[in-house]
Amino acid sequence: MPRICFINKINQTGGDFYKSLDTIHARLSKHAFPIHLPIGFEQSINGIVDLVNMKAYTYKDFTDHELVEAEIPEDMTEKVKRYRSLLVENAVAEDEAILEKYFEVGEEGLSPEDIKQAIRSAVLSGKFFAVTGGDGRGVIVEKVLDAVNELLPSPLDRGSTWGTHPKTGDEVERKPDEKQPFAGLAFKIATDPFVGKLAYFRVYSGKLQAGSYVMNSSTGAKERVGRIVRMQADKREDVTEVSAGDIAAIVGLKGTTTGNTLADPNNPIVLESITFPEPPVSIAIEPKTKADQEKMSIAMQRLAEEDPTFRIHVNDETGQTIVSGMGELHLEIIVDRMKREFNVEANVGEPQVAYRESIRKSGVEVQGKFVRQSGGRGQYGDVWLRLSQNEQGAGFEFINSIKGGNVPGEYIKPVQQGIEEAMSNGVIAGYPVVDLKAELYDGSYHDVDSSEMAFKIAGSMALQEGVKKAGPVLLEPIMKVVVVTPEAFMGDVIGDLNSKRGRIESMEDLTAGIKEITAFVPLGEMFGYTTNLRSSTQGRASSSMELDHYADVPNNVAEAIIAKNAK
C-alpha cells in the first residue's frame, strides 16, 4: 500500500530526525527519503526545508496558524544539497519520461513539478517512501497534509467501483464522478451524545443532498436523509451536499447498519460489503448495582449497533448475560467504553472459548418416539432420522425424504425445529452442534393424538440419541496468527507458538531483518499472548489473529474441558 512516513515529536528532548531516519532504513526499508529536513534541533526546531521547492518554511511557535517562507539557513546548504540529490536520483527511477529528462538535463534541469511528479509515481509504486517530520500538534501539519494531497493516491487513481444490481445480480459500474448516480457505503455506525445515531459513509459516485431520499440497497428500505454533517474529530459541520470521494455522516438513519450500501432509488447497486467473522471469545458480564442494570442494557444495545463483531445473548440455563467479541482486548475496550461513555460499572467473568460439537460417523439411523397418555387427548410423534457428517463449515442441512405420508406434511417443519433446538445443546459438554446432515426418512403418526409439539419433541429426542451414536467430537476454534518480528527473536517466537499447540504454516522475509511467521493456534492457548509477545521481544514484535476454522480437540484437552463444564 502506498504510504509516507511522518516522524513525530522531533522537537522534544531526544527527538532526532536523522537517527529516526537511520532506524527506518535499518528496520523497515532502505527506500525511504526525506522530502523535508528540520531546521534546528530538539526544542530549537522552528521550521523545515522543502527539498522539492528548495525553500524554507519557518514558525515562531508550533501553535502558529501559518508558516512563513524564508531563505534556507547557510549552515544547512551542504546537507540540503546532499539529501535533495538522493531524493531526486531515487524518485526519477519510477517514472520513465522524467528519468529520460533527468539523463538529458540533470538534476538542475528538472522543475519542482517534474520532481513532485517523479516522487508521486515512486510513492504510488509502493516501493518508495517519502519521509517528513515535526510536531503533530502544530502548524507543520499543513505541510504533511500537502504531502498527503500531492503524493498519495486519490479516488481517481483507484478508478471505477463495481457492485451488483440487487434484483438481477448483474455487475454494475460506478465511476468516481459526480454526474454518475449516487452510490455510497456506510462503513461505521456511531452514537453521538448530542445528535444521536450517526452513519458514517463514503461517497463512491454521484452527489447526495440533505432532504433527499436514498435506498438502502442491502435491505431494500427507503430512507430520508435529514442532516448531513462533515466530521472533524469531535466537531460537526452541517453541509447541504456531498459528492464523489467525500466522507461524511448522516444523522438519524433508522435501518442502516455497518456495511450497507446507500444508493439512488432509481439506480440501485449493492457494493461489496464488509465480512464480519463469528466472534470467538466470550465473557459473562453483570451490572455491579441495581441502578446499573437498565443502563447496561441500553449501553450494550448501542455498542452492538456500532460494532457488528460484538454480540450479546442470555444463557438460558444460567441466566447470565454473555458478550462475545474478536479477542480479549476487544471485550476489554467494550467494558471500558461502557464505563466512560455510559457511566455503567460491570463485573466481568473470565474469557471463555466458543467450542462446538460435531459428529464423525455418517449414515447413523435413529428413532425418536414421543408418546404421552393422559386423561384427555394424548401426545404421539414418531420419526426416524439418518444422521451424517456435513462438510466443515457447511452448517446444518435438513433433508425431507418422507414418501407415502408416514409423517404428514404439516409435521415436517416442527421436526426440523426440534432438531435445530436440540443442536443448540450438544451431548459432550453442552456446546452447539455444527456441520451435520439430518435426513427424515420414516415415521408414524396417530390420527387423534399427533400434534406439532409431539413431533417437535420426537425430532429433538432423535437428534440427541443419534449424536451419541454418531461419534460425537468436541471442536475448538483455530486462529490464524500472523507475527511480525525482528529476526533475532524468531526462535523464541516459534518455540512459544509450538508450546501452545501451534502449527507453523510459513515464514517469510518482509524486509532485511524482519520476519513474518504465520501459524495456526487453538484460541484456548492464546489468551494474554499479545502482552507476552511484547515482553519477550522488547516490544518490537506485533501479532494479529483471526478465526480460520474449527478442529477436533485432542483427548486430554477435551477431558479437561468436559470436567470443567461438569462443575
Side-chain angles (χ1 to χ4, degrees), residues 277-278 280 313 316-317 354-373 377-478 547-553 555 558 561-562 565:
E278 283 294 311
H313 75 277
D316 295 331
E317 290 184 1
Y355 292 103
R356 296 285 183 264
E357 296 182 22
S358 191
I359 59 172
R360 286 292 173 259
K361 292 180 184 175
S362 292
V364 174
E365 297 181 351
V366 65
Q367 182 184 26
K369 192 168 186 179
F370 179 67
V371 182
R372 286 285 183 277
Q373 278 311 124
R377 179 179 166 182
Q379 294 283 354
Y380 184 93
D382 176 28
V383 297
W384 279 89
L385 298 181
R386 188 177 289 116
L387 301 183
S388 300
Q389 178 185 351
N390 209 352
E391 290 175 25
Q392 190 178 68
F396 170 62
E397 189 179 334
F398 178 74
I399 303 161
N400 175 20
S401 300
I402 291 293
K403 290 173 184 162
N406 290 354
V407 177
E410 66 266 29
Y411 298 142
I412 303 294
K413 192 74 178 169
V415 172
Q416 182 178 347
Q417 288 171 347
I419 293 169
E420 287 176 353
E421 281 185 18
M423 285 176 66
S424 66
N425 204 353
V427 300
I428 299 175
Y431 292 106
V433 181
V434 295
D435 301 339
L436 176 145
K437 284 183 191 174
E439 181 186 359
L440 174 63
Y441 70 93
D442 202 358
S444 63
Y445 70 100
H446 190 280
D447 288 333
V448 178
D449 291 348
S450 284
S451 66
E452 288 188 2
M453 181 55 71
F455 273 93
K456 188 175 180 180
I457 295 170
S460 177
M461 290 167 63
L463 188 282
Q464 286 183 326
E465 192 57 38
V467 169
K468 289 176 186 172
K469 296 178 178 177
V473 291
L474 196 61
L475 304 177
E476 62 183 345
I478 304 296
L547 179 63
D548 190 80
H549 64 280
Y550 275 81
D552 292 14
V553 178
N555 288 336
I561 295 166
I562 294 163
N565 276 33

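Atom OG of S450 and atom CD of Q379 lie 8.5 Å apart (nearest 0.5 Å). Atom CD of E439 sits about 9.0 Å away from atom CG of N400, to the nearest 0.5 Å. Rounding to the nearest 0.5 Å gives a distance of 6.0 Å between CD1 of I402 and CG of D442. Taking CD of E391 as the start and NZ of K437 as the end, the distance is 7.0 Å to the nearest 0.5 Å. Considering CD1 of I562 and OH of Y431, their distance stands at 9.5 Å, rounded to 0.5 Å.
Within the 3.5 Å criterion, the main-chain N or O of W384 finds no donor-acceptor partner in the side chain of E365. Counting only distance, with no hydrogens or angles, the side chain of S358 and the backbone of V473 share no donor-acceptor pair below 3.5 Å. For the pair D435 (side chain) and G393 (backbone), a donor-acceptor distance under 3.5 Å is present. Between the E357 side chain and the I428 main chain, a donor and an acceptor come within less than 3.5 Å of each other. Proximity of a side-chain donor or acceptor of S362 to a complementary backbone N or O of Q389 within less than 3.5 Å is detected. When atom types are taken as modelled, the side chain of N390 and the backbone of G395 share a donor-acceptor pair closer than 3.5 angstrom.
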Review point. Given the rule in the side-chain hydrogen bond (donor to acceptor under 3.5 Å, both in side chains) test, do Q417 and E421 qualify, once you have shown the distances and angles that lead to the verdict?
Key: CA-CA 6 Å; Q417 288 171 347; E421 281 185 18; over 6 Å; no
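The shortest heavy-atom contact between S460 and A422 is OG-CB, 3.5 Å. The heavy-atom pair separating V553 from L475 by the smallest distance is CG2-C, 3.7 Å. The nearest pair of heavy atoms linking G381 to A454 is N-CB, 3.9 Å. Looking at every heavy atom in both residues, A462 comes nearest to V383 through CB-CG2, 4.2 Å. Across every non-hydrogen atom of L547 and P477, the tightest pair is CD1-CB, 3.5 Å. The two atoms that bring S444 and D382 nearest to each other are OG-OD2, 2.6 Å, heavy atoms only.
Under the side chain to side chain contact (heavy atoms under 4.5 Å, CB included) test applied with L463, the options V366, L436, V427 reduce to a single match, L436.
The side chain to side chain contact (heavy atoms under 4.5 Å, CB included) test applied to P408 returns E410, Y411, Y445, not counting sequence neighbours. Residues satisfying the side chain to side chain contact (heavy atoms under 4.5 Å, CB included) criterion with I457, sequence neighbours excluded, are F370, M453, M461.
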